[in-house]
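Some notes on the structure that comes next.
Within every chain, numbering begins at 1; the chains are lettered A, B, ... in the order of the sequence lines, protein sequences first and strands thereafter.
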Protein chains: 2
Amino acid sequence: MPESRAASTSSAHVLEKRRRRRAEILHAALTAFRENGYHTTTLDDIAERLGVRKTALYHYFPDKESILYECHRESLAEIERMIEEAQGRYDTPGGRLAYLIREHVRIMTEGLEGSPLAFEVPALSPERRAEIVAARDRYEGVLRDLIVQGIEAGEFREVDPKIAVFAMLGAINWIARWYRPDGPVHPPELGAQFADHLIGGLKCQPVP
Amino acid sequence: MPESRAASTSSAHVLEKRRRRRAEILHAALTAFRENGYHTTTLDDIAERLGVRKTALYHYFPDKESILYECHRESLAEIERMIEEAQGRYDTPGGRLAYLIREHVRIMTEGLEGSPLAFEVPALSPERRAEIVAARDRYEGVLRDLIVQGIEAGEFREVDPKIAVFAMLGAINWIARWYRPDGPVHPPELGAQFADHLIGGLKCQPVP
DNA sequence: TCAAAATTTGAACCTTCGTTAAGATTGTCA
DNA sequence: TGACAATCTTAACGAAGGTTCAAATTTTGA
């Protein structure tokens, strides 16, 4: 069972090579999942993108769901890194929120890393789903807190923070559905407009 | 083949009964699809919700995909009815847009009708998918036009209309992912806040 | 260069689930 | 009530695709 082999038996070079191969597989899988969804993507599909037979994948992952799971883990790691970065970086809640939106958009578009996190969560086993959902909830909590702070500071009007966060995350996650790297929309402008749109909507009372 | 039987052979009463049963099946399927996704939902799951064996479903629909397809058709009909209603109803682009957002939110929450339209599109066959996507594109075009009009009228700031529409639809479609009829969020407030948030964000230049 | 480890392959297995066929039960209506 | 349609059930099929396994091939490192 190569999957659980102790690191001590292999040289650093071999391990590094293996790590890279795993990353390649994850990337191929991620793209396939994004294009066709988890369930309609077969292991053959993923293997074909790598010029290999599907059984070769079992040398790196114990089963199909684990591939999806690792995609989720990577997304979450990226999100959490982003939250770290945001700490004490801007002095207004709106500023921090704008930063998070721009970064999240970047993550969603760069390498499409955030895509599976947006969809395909129900495909995971209960335990893994719980883990992913818990992490996602933490992130939502961070956003909610920023909105509450913005309201208290008078920067935002009084909205239901929970609903506002759902609106933002919906807009961002939906990117996985329409964005294409070779399309006309470019990530930086996308992030900027999303930040303006979603945060502007919290600041201004629309006239009825 | 009861699926293609001519109407003339059956009485109005029988046809009406059959129509209601079909609606029941669609509703059960819709709920199941929404909770677990199309692919993880089995015909047994749907049948169980109706207290019936899965083969009974074949008396009403030729196959599983057709059930999903009919869900989509109903969603689209609802959306198109909504667009009709909006015609010449408000005099500013922002007003019409706000109406559409509120109504779309209502459709998404009432009976969860809009849910499958939001997700599960890739599960359809190419022909059917093309049909659904075309209708969805028309809807997006309506929204885009309203935004362009709003910009020209000076009601909105200058944004990329396409991106703005994706932000709105993302926020709205995402409702299917988190909204629960027995949850704390109530549709009318949800629709109102979404309209304020998403349209307010088009009106006001956020200070950086 | 050579033995051991790593990687990939081909073939077969097995489960799930959509689907079909034929018959039983229920409902309709003259 | 009786014939016919409508509805549902039981049993079984078959294809798709994830998984296992033993063997072949390639790579590693001394």
(request) Assess A/Arg177 against A/Phe119: is NZ or CZ under 6.0 Å from the centre of the six-membered ring, and within 45 degrees of the ring's axis? (result) yes

(message) Tell me the interatomic distance from A/Ile25, atom CD1, to C/dT7, atom C1', rounded to whole angstroms.
(response) 11 Å

(message) Does the Lys NZ or Arg CZ of B/Lys64 fall within the cation-pi geometry relative to B/Tyr38 - under 6.0 Å from the ring centre and within 45° of the axis?
(response) yes

(request) Can you see which heavy atom on B/Phe194 is nearest to which on A/Ile163, and at what distance? (result) CE1-CG2, 3.5 Å

(request) Measure from the side-chain heavy atoms of A/Tyr60 and tell me the nearest of C/dT7, D/dC8, C/dG10. (result) C/dT7

(request) Determine the sole option in B/Arg20, B/Arg22, B/Arg21 for which the side chain to side chain donor-acceptor pair (under 3.5 Å) test with B/Glu24 is passed. (result) B/Arg21

(request) Would you indicate which nucleotide in D/dC8, D/dT7, C/dT8 comes nearest to any side-chain atom of B/Arg21? (result) D/dC8

Atom pairs under 3.5 Å: protein N/O with N/O of nucleotides 16-23 of chain C:
{"from": "C/dG18", "atom 1": "OP1", "to": "B/Lys64", "atom 2": "NZ", "distance (Å)": "3.0"}
{"from": "C/dG18", "atom 1": "OP2", "to": "B/Leu43", "atom 2": "N", "distance (Å)": "2.9"}
{"from": "C/dG18", "atom 1": "N7", "to": "B/Lys54", "atom 2": "NZ", "distance (Å)": "3.1"}
{"from": "C/dT19", "atom 1": "OP2", "to": "B/Tyr58", "atom 2": "OH", "distance (Å)": "3.0"}
{"from": "C/dT19", "atom 1": "OP2", "to": "B/Lys64", "atom 2": "N", "distance (Å)": "2.8"}
{"from": "C/dT19", "atom 1": "O5'", "to": "B/Tyr58", "atom 2": "OH", "distance (Å)": "3.3"}

(message) Side chain of B/Lys17 only, heavy atoms from C-beta on: which candidate in D/dT10, C/dT28, C/dG10 is closest?
(response) C/dT28

(request) Specify the separation, in whole Å, of atom CD of B/Glu16 and atom P of C/dT28. (result) 13 Å

(request) Please indicate whether A/His27 has more than 12 foreign heavy atoms, meaning atoms of other residues, nucleotides or ligands, lying under 6.0 Å from its NE2. (result) no

(request) Round to a whole Å and report the spacing from CZ of A/Arg20 to P of C/dT7. (result) 12 Å

(request) Examine C/dA6: is either OP1 or OP2 under 4.0 Å from a nitrogen or oxygen in the side chain of A/Arg18? Give yes or no. (result) no

(message) Without decimals, in angstroms, what is the distance between B/Leu57 CG and D/dT9 C1'?
(response) 12 Å

(message) Between C1' on D/dT19 and CZ on A/Phe61, what's the gap in Å once rounded to a whole number?
(response) 16 Å

(request) Examine C/dT8: is either OP1 or OP2 under 4.0 Å from a nitrogen or oxygen in the side chain of A/His59? Give yes or no. (result) no

(message) Taking atom CD as the centre, does A/Glu48 end up with more than 12 heavy-atom neighbours from other residues, nucleotides or ligands that are less than 6.0 angstrom away?
(response) no

